[in-house]
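If you're wondering where the values come from, they're calculated on a predicted model, not measured in any experiment. Sequence lines set the chain letters: A, B, ... in the order given, protein chains first and strands last, and positions in each chain run from 1.
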Number of protein chains: 2
Amino acid sequence: MSSSPAPDAPITGEQIFTRVAWALRRADLNLQTAKERPLREIGIPGSHYSVLISLQVTPGVTAAELARVIGVTPQAVALLVAKLTASGMIERRTHPRHRSVQELHLTDAGREELAKAEYIVSDLERHIRDSLGDKSYRQLRELLGQVIDELPNWVPPQTDRGTVDPAADQ
Amino acid sequence: MSSSPAPDAPITGEQIFTRVAWALRRADLNLQTAKERPLREIGIPGSHYSVLISLQVTPGVTAAELARVIGVTPQAVALLVAKLTASGMIERRTHPRHRSVQELHLTDAGREELAKAEYIVSDLERHIRDSLGDKSYRQLRELLGQVIDELPNWVPPQTDRGTVDPAADQ
DNA sequence: TGAGATACATCAAGTGCTTGATGAAGACCA
DNA sequence: TGGTCTTCATCAAGCACTTGATGTATCTCA
C-alpha cells in the first residue's frame with residue numbers, strides 16, 4: 001500500500017489480474033518463499049530439497065533426468081550433486097549397463113535430512129488443504145493437472161518473422 | 001486411496017504427486033519455460049516482461065514495491081531498471097513528496113515493446129482457457145486466489161528449536 | 001524539537017545458475 | 001560392421017541474482 005490519500009486502489013480495471021498465468025505465478029512464488037525460510041533454518045536450501053525429494057520419489061534417476069524434473073540445466077544439477085555428495089546426503093552409482101551414466105541415490109543420512117524437511121513441507125500442504133476444504137483441494141489438484149498436460153500443446157503465435165528475424169534458426 | 005502405512009514411513013511418489021504444492025510448482029515451471037522462449041525470440045527476457053507488465057498495471061510504482069511484486073530483491077530490480085532505462089523502455093521520476101523515492105513509468109517505446117510481448121502472453125492465456133473450458137478456467141482462478149490469500153496465514157512448525165512459538169502472527 | 005523507527009535506494013562481494021562447447025558411449029540402421 | 005544420431009556428463013566463461021551493509025529522507029511520538 002502506498003501513501004496515496006484515497007484508500008481506493010488506483011488499479012484501474014486491468015485484466016491482467018484475472019489471468020490464470022498471473023495467479024499461478026503469484027501462488028507458486030508465495031509458496032516457494034513461504035517454505036524457503038523454514039527450510040533454510042534447518043540448513044536445507046530449497047534446491048537441495050528438490051533434489052532429495054526427487055531421489056526419494058525416483059531412486060536411481062540420472063542427473064540429466066533430474067535437471068528436467070526440477071527445471072534447471074544439467075550443469076546446475078551437477079553442482080548440486082557435488083555438494084550433496086560431499087556432505088554425504090546422496091551417492092552416485094555407475095549404471096549397470098551404461099558405464100558413462102551415473103545413477104543417483106539417497107544415503108541414510110540423506111533420508112534423515114529429507115525427513116526433517118518433509119516435516120515442514122507436509123505441514124504447509126496440510127495448511128493449504130485445510131484452508132481450501134477437501135473438495136476444493138481436490139478440484140485444484142485436478143485443474144492444475146489439466147494445465148500441466150495441456151501446456152505442451154501450445155504453439156506460440158508467429159510474430160511476423162522474416163522481416164525482423166534475418167535467418168537465425170536453431 | 002490406500003490404507004495408511006506407518007506414520008513415519010517414507011513417502012511414496014504417489015503421495016508426492018498428489019500434493020497441490022507439487023502440481024503448482026510443475027504448472028508454473030512449465031508455464032514460465034513455455035513463454036520464455038518465444039519472448040526471448042522477440043528480444044524480451046521474462047524478467048523484463050515482468051517489470052513492464054507491472055508498470056502497466058501499477059504506474060508510478062517504486063523499485064522496492066516492484067521487487068516484492070515480482071519476487072526478487074530490490075538490488076535485482078535496480079539492475080533491471082538500469083537496463084530498461086538505458087534502452088528507453090521505462091523512465092524514473094522523482095516522487096512529488098518524497099524526493100529520495102523514484103517512481104517508475106513506462107515510456108511510449110516501453111508500451112510498444114510490451115504490446116509485442118502481450119501478443120504472445122495473451123495467446124498462451126487463451127490456450128489455457130480454451131483447454132480448460134470457461135467454467136473450469138474461472139474455478140482455477142478462484143482457487144488460486146484462495147491459495148494466495150491463505151498462504152500468509154501459515155505458521156511454520158517449530159523444529160525443536162529453543163524459541164517459543166508466538167501465539168499469532170499478524 | 002529532536003531521537004528513534006521505518007522505508008527506499010545503492011554500493012560491494014560472493015554465489016548459483018546460465019549459455020556454449022566438447023568428449024564419450026550406447027542405439028539405430030543401411 | 002561401420003557411420004550417424006541421440007543422450008549423458010563435464011569443462012569454461014559469463015551473467016543474473018543474492019546476502020550484507022551503508023546512507024538518506026520521511027514519519028512518529030515523547
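- Protein atom CD of A:Glu36 is 11 Å distant from nucleotide atom C1' of D:dT18, rounded to whole Å.
- In terms of phosphate contacts, B:Thr73 brings no side-chain nitrogen or oxygen within less than 4.0 Å of OP1 or OP2 of D:dC17.
- The interatomic distance linking B:Leu104 (CG) with C:dT10 (P) rounds to 10 Å, in whole Å.
- Side-chain N or O atoms of B:Arg26 include one that pairs as donor or acceptor with a backbone N or O of A:Val69 at under 3.5 Å.
- Closest contact between the side chain of B:Leu79 and the listed nucleotides D:dC8, D:dC17, C:dC8 involves D:dC17.
- Across D:dA9, D:dC17, C:dT19, the shortest atom-to-atom separation from the side chain of B:Leu80 is found for D:dC17.
- Counting to the nearest Å, the P atom of D:dT19 and the CZ atom of A:Arg37 are 12 Å from each other.
- Pairs of residues two or more places apart, or lying in two chains, that qualify as ring-ring contact (aromatic ring centres under 6.0 Å, His included) and include a residue from residues 58-102 of chain A are A:His95-A:His98.
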*Under 4.0 Å protein heavy-atom contact, by nucleotide of nucleotides 21-28 of chain C - B base, S sugar-phosphate only*: ----SSS-
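- At the phosphate of C:dC8, neither OP1 nor OP2 sits under 4.0 Å from any side-chain N or O atom of B:Arg92.
- Minimum atom distance to the side chain of B:Val72 is reached by D:dT18, of the listed C:dC8, D:dT18, C:dT18.
- Comparing A:Arg40 and B:Lys83 by the nucleotide of DNA chain D whose heavy atom lies nearest to each, the residue mapping closer to the 5' end is B:Lys83.
- Using a 4.5 Å cut-off on side-chain heavy atoms (C-beta onward), A:Pro156 and B:Tyr119 make no contact.
- Salt-bridge check for A:Asp134 with A:Arg138: passed, with a basic side-chain N closer than 4.0 Å to an acidic carboxylate O.
- Closest to the A:Ala63 side chain, of the nucleotides C:dC17, D:dA9, D:dT19, is D:dA9.
- Whole-Å rounding puts the B:Gln32 CD to D:dA16 C1' distance at 16 Å.
- Both B:Gln102 and A:Pro74 lie close to DNA chain C; mapped to their nearest nucleotides by heavy-atom distance, the more 5′-ward contact belongs to B:Gln102.
- B:Thr62 is not listed as a side-chain neighbour of B:Leu104, based on a closest heavy-atom distance of 4.5 Å or more.
- Looking at B:Glu91 and B:Thr85, their side chains never come closer than 4.5 Å, going by heavy atoms from C-beta outward.
- Regarding A:Leu66, its CG atom lies at a distance of 12 Å from the P atom of D:dC8, rounded to whole Å.
- Using a 4.0 Å cut-off between charged side-chain N and carboxylate O, B:Arg40 and B:Glu36 make a salt bridge.
- Mapping B:Gly71 and A:Glu103 onto DNA chain D by nearest heavy atom places A:Glu103 at the nucleotide closer to the 5' end.
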